[in-house]
Amino acid sequence: SNLAYLIYTSGSTGQPKGVMVEHQQIVNLVLATGQLLVTQGVSVARMVMNASLMFDASWDELAVLFHGGTLILTASEQRYQPANMVSHLVAARANCFSCTPSQLEGLLAAGLAQQCADARLLVLVGGEAISAELWRRLQQTAGIDVVNVYGPTETTVDTSVALIERDGGCEPVIGRPIANAQIYLLDSERQPVAPGAVGEIYIGGAGVARGYFKRADLTAERFLPD
């Protein structure tokens, strides 16, 4: 239960807030990431590191080290040039990679799918909403398998995952919760909504952080007893 790191939100829903994440929440993410890789057929991971160590999404990549995988470091000039990153992925014989939907679009334009046609590459996309257009494009793209990962900073990187299935629905979804996480859709009275009805997402489980740094009032408002 000791503090592992403090990371600030983007401030997209107000002023940036410092989120306190404990070791036990990271452990759950690491275990869930390992389960995801095995489920998607990656028994021994070769992950090219893409995220900065100052960004919590790097835990999706660091997780492979806890499961006997290999983490290949990336120079900044490779990260910011799509063609260089594609070449780096091929040269590293990577079988998994993590990025945002925006970066993935650039990599696809640089020939990612064609370069990976003879090898299976699992791509985890997150950090921003994926568009319906990109979702449908990925359904028709051979050479890579893509998993949409979703989760706010307050729940330690990832809360749910959704494989973009080639014969699945054409609208983006966030999928199902990772191990030891729960997602509820509640109304304004915090009661479950009926199937098909619109509700607000509430997240519970082992990934929920300790709270906001020096914001006891906001922590009490947002981090609710389950």
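Quick caveat, the model's predicted, so the values are computed rather than measured.
- A distance-only check finds no donor-acceptor pair linking the side chain of Asn148 to the backbone of Ile164 [under 3.5 Å].
- Residues Gln24 and Glu22 have side chains that bring a donor and an acceptor to within less than 3.5 angstrom of each other.
- Taking the six-membered ring for Trp and thresholds of 30 and 60 degrees, Phe66 and Trp59 have ring planes inclined between 30 and 60 degrees apart.
- A distance-only check finds no donor-acceptor pair linking the side chain of Ser58 to the backbone of Met54 [under 3.5 Å].
- The backbone N or O of Ala92 sits less than 3.5 Å from a side-chain atom of Arg46, completing a donor-acceptor pair.
- Linking Ile, Leu, Val, Met, Phe, Trp and Tyr residues whenever their side-chain heavy atoms come within less than 4.5 Å leaves Val19 and Ile201 in two separate clusters.
- Residues Asp187 and Val193 share a closest heavy-atom pair of N-CG1, 3.7 Å.
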Got a list of side-chain donor-acceptor pairs under 3.5 Å for residues 119-129, not counting sequence neighbours?
unit_1	atom_1	unit_2	atom_2	d
Arg120	NE	Asp145	OD2	2.4
Arg120	NH1	Gln40	O	3.0
Arg120	NH2	Gln40	O	2.9
Arg120	NH2	Asp145	OD2	3.0
Glu128	OE2	Ser102	N	2.9
Glu128	OE2	Ser102	OG	2.4

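- Separation of atoms CG (Asp158) and CG (Asn28) is listed at 11.0 Å; rounding is to 0.5 Å.
- Taking OG1 from Thr219 and CG from Leu224, the interatomic distance works out to 11.0 Å, rounded to the nearest 0.5 Å.
- For the pair His88/Val48, a side-chain contact is recorded, criterion being any heavy-atom separation below 4.5 Å from C-beta on.
- Annotation: side-chain contact (heavy atoms from CB on, under 4.5 Å) contacts of Ser160 (sequence neighbours excluded): Tyr150, Ile174, Ile183.
- Using a 4.5 Å cut-off on side-chain heavy atoms (C-beta onward), Tyr5 and Thr156 make contact.
- Proximity of a side-chain donor or acceptor of Asn180 to a complementary backbone N or O of Gly205 within less than 3.5 Å is not detected.
- The two residues Ala57 and Ala51 make their nearest non-hydrogen contact at C-CB, 4.2 Å.
- The cluster map of Ile, Leu, Val, Met, Phe, Trp and Tyr, joined by side-chain heavy atoms under 4.5 Å apart, puts Leu37 and Leu163 in the same cluster.
- With contacts defined as side-chain heavy-atom distances shorter than 4.5 Å, the pair Leu112/Leu104 qualifies.
- Under the 4.5 Å side-chain heavy-atom criterion for grouping Ile, Leu, Val, Met, Phe, Trp and Tyr, Val21 is connected to Leu218 within one hydrophobic cluster.
- Residue pairs meeting the salt bridge (Lys or Arg N to Asp or Glu O under 4.0 Å) criterion with at least one member in residues 10-20, sequence neighbours excluded, do not occur.
- When side chains are defined from C-beta on, Arg210 does not count as touching Phe223, because their heavy atoms never get closer than 4.5 Å.
- Between the CZ atom in Phe97 and the CD1 atom in Ile72 there is a gap of 11.0 Å [rounded to 0.5 Å].
- Residues Val208 and Val149 fall within the same hydrophobic cluster, defined by Ile, Leu, Val, Met, Phe, Trp and Tyr side chains chained together at heavy-atom separations under 4.5 Å.
- To the nearest 0.5 angstrom, Thr153 atom OG1 is 12.5 Å from Tyr8 atom OH.
- Taking hydrophobic clusters as Ile, Leu, Val, Met, Phe, Trp and Tyr residues chained together by side-chain heavy-atom distances below 4.5 Å, Val64 shares a cluster with Leu53.
- Atom CG of residue Leu107 and atom CG of residue Asn84 lie 11.0 Å apart, to the nearest 0.5 angstrom.
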Show your working on side chain to side chain contact (heavy atoms under 4.5 Å, CB included) between Thr9 and Glu154 and close with a plain yes or no.
-> CA-CA 8 Å; Thr9 64; Glu154 291 87 342; 3.9 Å; yes

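- If you take CE on Met49 and CG on Asp60, they are separated by 10.5 Å, rounding to the nearest 0.5 Å.
- At a threshold of 4.5 Å between non-hydrogen side-chain atoms, the residues Arg190 and Tyr184 do not count as touching.
- When side chains are defined from C-beta on, Leu62 counts as touching Leu71, because their heavy atoms get closer than 4.5 Å.
- Nearest approach of Ala179 to Ala32, heavy atoms of both residues: N-CB, 4.2 Å.
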Check step by step if side chain to side chain contact (heavy atoms under 4.5 Å, CB included) holds for Gln25 and Leu29.
-> CA-CA 6 Å; Gln25 286 114 43; Leu29 176 68; over 6 Å; no

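- No donor-acceptor pair closer than 3.5 Å links the side chain of Glu171 to the backbone N or O of Trp135.
- Judged purely by atom type and a 3.5 angstrom limit, Glu61 has no side-chain atom pairing as donor or acceptor with the backbone of Met47.
- Residues Pro177 and Gln182 form no side-chain contact, since every pair of their non-hydrogen atoms from C-beta on lies 4.5 Å or further apart.
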Intermediate values then yes/no, side chain to side chain contact (heavy atoms under 4.5 Å, CB included), Leu138 and Ile130 = CA-CA 11 Å; Leu138 292 170; Ile130 186 171; 4.0 Å; yes

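- In terms of heavy atoms, Arg166 sits closest to Ile144 at NH2-O, 2.8 Å.
- The side-chain heavy atoms of Thr33 and His67, taken from C-beta on, include no pair separated by under 4.5 Å.
- Smallest separation of non-hydrogen atoms from Leu108 and Leu134: CD1-CD1, 4.1 Å.
- Scanning both residues, Pro82 and Gly106, for their nearest heavy atoms gives CB-O, 3.6 Å.
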Would Glu200 and Leu186 count as a side chain to side chain contact (heavy atoms under 4.5 Å, CB included) if you check the C-alpha gap in whole Å, the side-chain angles of each, and the deciding distance to 0.1 Å?
-> CA-CA 5 Å; Glu200 187 167 358; Leu186 306 181; 5.8 Å; no

